[in-house]
Chemist: 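This structure is in structure tokens; I'll ask about it shortly.
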Amino acid sequence: MLIVNPHAVRTPYPADLAAIMNIERADEGRRWLSHWTGIARGATPLRDLPDAARELGVARLTVKDESVRSPLASFKVLGAPIALVREIMRRHADVDPVAILAGRYADRLADLTVISATDGNHGRGLAAAARDAGCPCVIVLHAQVSAEREQAIAVLGARIVRVAGDYDASVREAAHLATTHGWQVISDTSYEGYEAIPRDVMQGYGTIAAEVIEDTGGRAGDASAFTHVFVQGGVGGLPAGVASYFWEFHGAGRPRFVVVEPTQADCLMQSAIQGRATRASGSVDSVMAGLACGETSPLAWRFLQPAVDAFMTVDDEEAIATMRRLARGNANDIPIVAGESGVAGLAGVTALCADPTLAARVDIDRTSRVLVVNTEGATAPGVYATLVGESADAVLQRQIAWRASH
């Protein structure tokens with residue numbers, strides 16, 4: 001399903017939004033985080049897929065591959081860790097932000113317990129950052145989070161709390177536990193009275209856009225190197241962080257943004273239909289575990305409503321087929337390890353290009369230059385192997401061989 005957003009505008013970046021998220025703040029956080037040993041030193045790669053572009057009927061198809069962002073194999077290490085750093089700086093004005101994740105203030109932070117709900121990757125990012133900073137960490141998981149994802153968080157030293165229900169139930173429980181015990185929530189979704197930290201999380205995701213601009217030689221005020229950017233939905237934090245950076249940099253020349261969600265977790269599409277941040281219409285249970293979110297972040301929606309040109313949904317089967325397509329690669333397209341949630345953007349492009357009428361509604365044609373973000377690798381290796389039919393290691397071996405031959 002596709003909804004073209006009538007509220008999207010192509011103007012200079014509004015001042016009221018710049019007061020909340022802006023390039024200066026995003027770049028500052030990026031510099032601080034670059035010193036952390038838990039993150040890759042360089043930018044994640046832009047991988048062009050010429051054969052896939054030809055099959056889809058577009059001029060260029062490029063994957064921003066966040067699977068190699070860190071050992072945690074997800075873009076989420078750009079959000080929770082920098083939000084933790086900024087929260088510690090609010091509490092301790094004399095600390096060096098670069099030294100926080102090096103553990104230099106562990107003695108002072110031993111009584112700061114941080115907590116968050118997660119579908120998996122956000123919790124891993126927070127647990128890793130809290131471990132390195134010296135903060136106790138509690139992660140709340142809902143019923144659909146696999147034991148494999150739970151273990152990946154627990155091994156980082158976090159205490160796990162399980163709740164019945166969906167992701168939104170885990171968000172409520174995290175807030176309740178924080179209030180009861182005096183802990184600090186580090187969440188990527190906002191709610192009444194809680195916006196500063198979600199803003200910091202979203203701002204961290206601007207690094208993705210910053211690297212794309214640098215790698216493509218972009219200049220402020222010029223049109224984007226890409227005509228379209230397809231990005232995953234969730235509660236809205238990722239698309240808000242990415243779109244706001246591109247929009248501020250390119251102004252009216254920004255790319256067209258299309259947000260992609262699971263059919264059964266369509267909270268952003270429903271928000272577009274109703275004109276306000278609202279809930280999903282379906283069960284929320286999806287193989288795209290990181291996108292199985294039922295309620296839009298109100299703060300994120302302030303950015304998405306004017307920035308996103310279209311919202312769409314894809315089925316689980318489309319996501320699985322896309323995982324397999326990226327894993328196979330071929331002589332011209334590098335094999336890529338992309339997890340269930342990581343492929344949603346490309347699944348969306350594929351679905352639109354298969355229907356010329358839908359493609360025309362978002363101005364996709366043979367001249368289009370399309371960017372998608374692979375937000376995660378095999379963050380649940382067992383699930384990945386089951387869905388793709390081979391292990392992530394086998395795909396990585398083909399990727400290594402492909403790179404050696406090119």
Chemist: Please round to the nearest 0.5 Å and tell me the distance separating atom OG1 of T11 and atom CZ of R254.
Modeler: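 With rounding to 0.5 Å, OG1 (T11) is 8.0 Å from CZ (R254).
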Chemist: Look up atom CG in L33 and atom CG in L101, then write down how far apart they are to the nearest 0.5 Å.
Modeler: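 The CG atom of L101 is 6.5 Å from CG of L33, to the nearest 0.5 Å.
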Chemist: How many angstroms lie between atom CD1 of I82 and atom OG1 of T207, to the nearest 0.5 angstrom?
Modeler: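 Spacing of CD1 (I82) from OG1 (T207) equals 8.5 Å.
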Chemist: Can you check side-chain contact (heavy atoms from CB on, under 4.5 Å) on I213 and Y245, steps first, answer last?
Modeler: CA-CA 10 Å; I213 289 167; Y245 197 107; 3.8 Å; yes
Chemist: May I ask you to check whether F249 and F246 place their ring centres under 6.0 Å from each other?
Modeler: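 So the answer is no for these two rings.
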Chemist: How many angstroms lie between atom CG of L84 and atom CD1 of I100, to the nearest 0.5 angstrom?
Modeler: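 One finds 7.5 Å between CG of L84 and CD1 of I100.
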Chemist: Measure across L291 and G234 and return the closest heavy-atom pair with its distance rounded to 0.1 Å.
Modeler: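 Minimum heavy-atom separation between L291 and G234: CD2-N, 3.7 Å.
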Chemist: Quick check against the 3.5 Å criterion: does N374 have a side-chain atom that pairs as donor or acceptor with the backbone of V337?
Modeler: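 Judged by distance alone, yes, a pair lies under 3.5 Å.
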Chemist: Considering all heavy atoms of both residues, which atom of M21 and which atom of Y13 are nearest to each other, and what is their separation?
Modeler: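 Between these two residues, the closest heavy atoms are O-OH, 2.9 Å.
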Chemist: Does Q264 reach the main-chain N or O of S283 with its side chain, forming a donor-acceptor pair under 3.5 Å?
Modeler: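 No, because the side chain of Q264 does not come within donor-acceptor range (under 3.5 Å) of the backbone of S283.
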Chemist: Determine yes or no for a side-chain-to-main-chain donor-acceptor pair under 3.5 angstrom, with Y105 supplying the side chain and G134 the backbone.
Modeler: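 Not a single qualifying donor-acceptor pair exists.
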Chemist: R149 vs E340, test: salt bridge (Lys or Arg N to Asp or Glu O under 4.0 Å). Steps then yes/no.
Modeler: CA-CA 13 Å; R149 293 187 187 277; E340 314 89 85; 2.6 Å; yes
Chemist: Is the closest side-chain heavy-atom distance between R69 and I39 below 4.5 Å?
Modeler: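 A side-chain contact exists here, since the closest heavy-atom pair is under 4.5 Å.
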Chemist: Quiz question: by atom type and distance under 3.5 Å, do the side chains of R276 and Q305 form a donor-acceptor pair?
Modeler: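 Checked: R276/Q305 side chains show no N/O donor-acceptor pair below 3.5 Å.
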Chemist: From L268 CG over to C293 SG, what is the distance, rounded to the nearest 0.5 angstrom?
Modeler: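 L268 CG to C293 SG: 8.5 Å, rounded to 0.5 Å.
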Chemist: Salt bridge between E66 and R47, side-chain N to carboxylate O under 4.0 Å?
Modeler: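 Looking at E66 and R47, the cut-off is not met.
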Chemist: In Å and rounded to the nearest 0.5 Å, what is the CG to CG distance from D48 to L371?
Modeler: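 Reported value, rounded in 0.5 Å steps: 10.0 Å.
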Chemist: Below 4.5 Å, heavy atoms only, C-beta onward: do D119 and L141 meet side chain to side chain?
Modeler: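 SC-SC contact between D119 and L141 ruled out.
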Chemist: What verdict does the side-chain contact (heavy atoms from CB on, under 4.5 Å) test give for Q232 and E261, after you've listed the backbone C-alpha separation in whole Å, the side-chain angles of each residue and the deciding distance to 0.1 Å?
Modeler: CA-CA 6 Å; Q232 287 81 325; E261 303 173 280; over 6 Å; no
Chemist: If you count every heavy atom of other residues, nucleotides or ligands that lies below 6.0 Å from R256 atom CZ, does the total exceed 12?
Modeler: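 Atom CZ in R256 is crowded, with more than 12 foreign heavy atoms closer than 6.0 Å.
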Chemist: Test I208 against L238 for side-chain contact (heavy atoms from CB on, under 4.5 Å), laying out the working first.
Modeler: CA-CA 10 Å; I208 295 171; L238 172 63; 3.9 Å; yes
Chemist: So do Q270 and I273 actually touch side chain to side chain, heavy atoms under 4.5 Å?
Modeler: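 A side-chain contact exists here, since the closest heavy-atom pair is under 4.5 Å.
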Chemist: Between F311 and M1, is any pair of side-chain heavy atoms under 4.5 Å apart?
Modeler: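 They are not in contact (no side-chain heavy atoms under 4.5 Å apart), so the answer is no.
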Chemist: Report yes if some heavy atom in the side chain of P81 is under 4.5 Å from a heavy atom in the side chain of D132; otherwise report no.
Modeler: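 Counting from C-beta outward, P81 and D132 never come under 4.5 Å.
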Chemist: So, D65 and T44: side-chain donor and acceptor under 3.5 Å apart, yes or no?
Modeler: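 No pair is found: no donor N or O on one side chain lies under 3.5 Å from an acceptor on the other.
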Chemist: Begin with the C-alpha distance, continue with both residues' side-chain angles, and end with the deciding distance and a verdict on side-chain contact (heavy atoms from CB on, under 4.5 Å) for W32 and M89.
Modeler: CA-CA 12 Å; W32 294 344; M89 292 176 68; 3.6 Å; yes
Chemist: Going by side chain to side chain contact (heavy atoms under 4.5 Å, CB included), C353 matches just one of V370, L56, L61. Which one?
Modeler: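 Of V370, L56, L61, side chain to side chain contact (heavy atoms under 4.5 Å, CB included) with C353 is met by L56 alone.
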Chemist: Look at E390 together with R398 and state whether they make a salt bridge at an N to O cut-off of under 4.0 Å.
Modeler: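 Here E390 pairs with R398 in a salt bridge, since their nearest N and O are under 4.0 Å apart.
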Chemist: Under 3.5 Å, is there a donor-acceptor pair linking the side chains of H92 and R108?
Modeler: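 Side chains of H92 and R108: pair found under 3.5 Å.
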Chemist: Does either side chain, that of S297 or that of S190, offer a donor lying less than 3.5 Å from an acceptor on the other one?
Modeler: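 Per modelled atom types, S297 and S190 side chains form a pair under 3.5 Å.
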Chemist: State whether a side-chain donor-acceptor pair under 3.5 Å links E376 with T379.
Modeler: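 Distance-only check passes for E376 and T379.
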Chemist: State, with a plain yes or no, whether a side-chain heavy atom of V140 is found less than 4.5 Å away from one of I115.
Modeler: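 Counting from C-beta outward, V140 and I115 do come under 4.5 Å.
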Chemist: Is E28 paired with R86 through a side-chain N to carboxylate O contact shorter than 4.0 Å?
Modeler: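 Here R86 pairs with E28 in a salt bridge, since their nearest N and O are under 4.0 Å apart.
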Chemist: Testing the basics here: between A127 and A158, what is the closest heavy-atom pair and its distance to 0.1 Å?
Modeler: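 Taking A127 first and A158 second, the nearest heavy atoms are CB-CB, 3.9 Å.
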Chemist: Say whether, by atom type as modelled, one donor and one acceptor occur between the side chain of Y194 and the main chain of S187 under 3.5 angstrom.
Modeler: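 Checked: pair present.
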Chemist: When you compare the side chains of Q144 and D166, does any donor N or O come within less than 3.5 Å of an acceptor on the partner?
Modeler: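 No, no side-chain donor-acceptor contact under 3.5 Å.
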Chemist: Are any side-chain N or O atoms of R104 and backbone N or O atoms of V98, one a donor and one an acceptor, separated by less than 3.5 Å?
Modeler: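 Pair absent, no side-chain N/O of R104 close to backbone of V98.
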Chemist: Do V362 and L352 have side chains that get closer than 4.5 Å, going by heavy atoms?
Modeler: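 Side-chain contact under 4.5 Å: yes.
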Chemist: Less than 4.0 Å between a side-chain N and a carboxylate O, is that true for R328 and D333?
Modeler: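 Judged by the 4.0 Å cut-off on N to carboxylate O distance, D333 and R328 do not form a salt bridge.
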Chemist: So which atom in L156 and which in R124 form the shortest heavy-atom distance, rounded to 0.1 Å?
Modeler: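 Shortest heavy-atom separation between L156 and R124 comes out as CD1-O, 3.4 Å.
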Chemist: If you count the non-hydrogen atoms of other residues, nucleotides and ligands that lie under 6.0 Å from CD in E24, is the total more than 12?
Modeler: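 Check fails, neighbour count at 12 or below.
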Chemist: Do we see a donor-acceptor contact under 3.5 Å between the side chains of S271 and T296?
Modeler: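 Present: a donor and an acceptor within the cut-off.
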Chemist: Whether D200 and R90 form a salt bridge (side-chain N of Lys/Arg under 4.0 Å from carboxylate O of Asp/Glu) is what I want to check.
Modeler: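 Counted as a salt bridge, because a side-chain N and a carboxylate O are separated by less than 4.0 Å.
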Chemist: Testing the basics here: between E211 and K64, what is the closest heavy-atom pair and its distance to 0.1 Å?
Modeler: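 Closest approach of E211 to K64: OE1-NZ, 2.6 Å.
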Chemist: Taking side chain to side chain contact (heavy atoms under 4.5 Å, CB included) as the criterion, tell me which of I334, T62, N330, V372 meets it with L49.
Modeler: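 The side chain to side chain contact (heavy atoms under 4.5 Å, CB included) with L49 is passed solely by I334 among I334, T62, N330, V372.
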Chemist: If you compare all heavy atoms of Q203 against all heavy atoms of I20, which two are closest, and at what distance to 0.1 Å?
Modeler: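 In terms of heavy atoms, the two residues are closest at OE1-O, 4.1 Å.
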Chemist: Just by distance, with hydrogens left out, do N332 and H406 show a side-chain donor and acceptor under 3.5 Å apart?
Modeler: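 No, because no side-chain N or O of N332 sits under 3.5 Å from a partner of the opposite role on H406.
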Chemist: Quick one: does any side-chain atom of D315 pair with a main-chain N or O of E318 as donor and acceptor, under 3.5 Å?
Modeler: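 No.
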Chemist: Looking at G377, is its backbone amide N or carbonyl O close enough to the side chain of S67 to form a donor-acceptor pair, meaning the two atoms are under 3.5 Å apart?
Modeler: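 No: the side chain of S67 does not pair with the backbone of G377.
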Chemist: Is it true that D168 and R279 have a side-chain N and a carboxylate O under 4.0 angstrom from each other?
Modeler: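 Counted as a salt bridge, because a side-chain N and a carboxylate O are separated by less than 4.0 Å.
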Chemist: Should the ring pair H142 and Y167 be called parallel, tilted or perpendicular, given that the plane angle runs from 0 to 90° and is split at 30 and 60?
Modeler: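 Rings of H142 and Y167: perpendicular, as their planes differ by over 60°.
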Chemist: Between T263 and V314 (side chain of the first, backbone of the second, donor and acceptor by atom type, cut-off under 3.5 Å), is there such a pair?
Modeler: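 A pair under 3.5 Å: yes.
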Chemist: Give a yes or no answer on whether the side chain of E148 reaches the backbone of G382 with a donor-acceptor pair at less than 3.5 Å.
Modeler: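 Side chain of E148 to backbone of G382, a donor-acceptor pair under 3.5 Å: yes, one is there.
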Chemist: Tell me whether R219 at atom CZ has more than 12 heavy atoms from other residues, nucleotides or ligands lying less than 6.0 Å away.
Modeler: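 Check fails, neighbour count at 12 or below.
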Chemist: Does a side-chain heavy-atom distance below 4.5 Å link V258 with D309?
Modeler: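 Result no, sub-4.5 Å side-chain heavy-atom pair not found.
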Chemist: Would you say the side-chain atoms of R302 pair up with the backbone N or O of L17, donor to acceptor, closer than 3.5 Å?
Modeler: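 No; zero donor-acceptor contacts below 3.5 Å.
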Chemist: Just checking, is any N or O donor in the side chain of T367 or D365 under 3.5 Å from an acceptor N or O on the other one?
Modeler: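 Side-chain D/A pair, T367 to D365: present.
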Chemist: Would you please say whether a donor-acceptor pair under 3.5 Å links the side chains of H122 and S116?
Modeler: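 H122 vs S116: donor-acceptor pair found between side chains.
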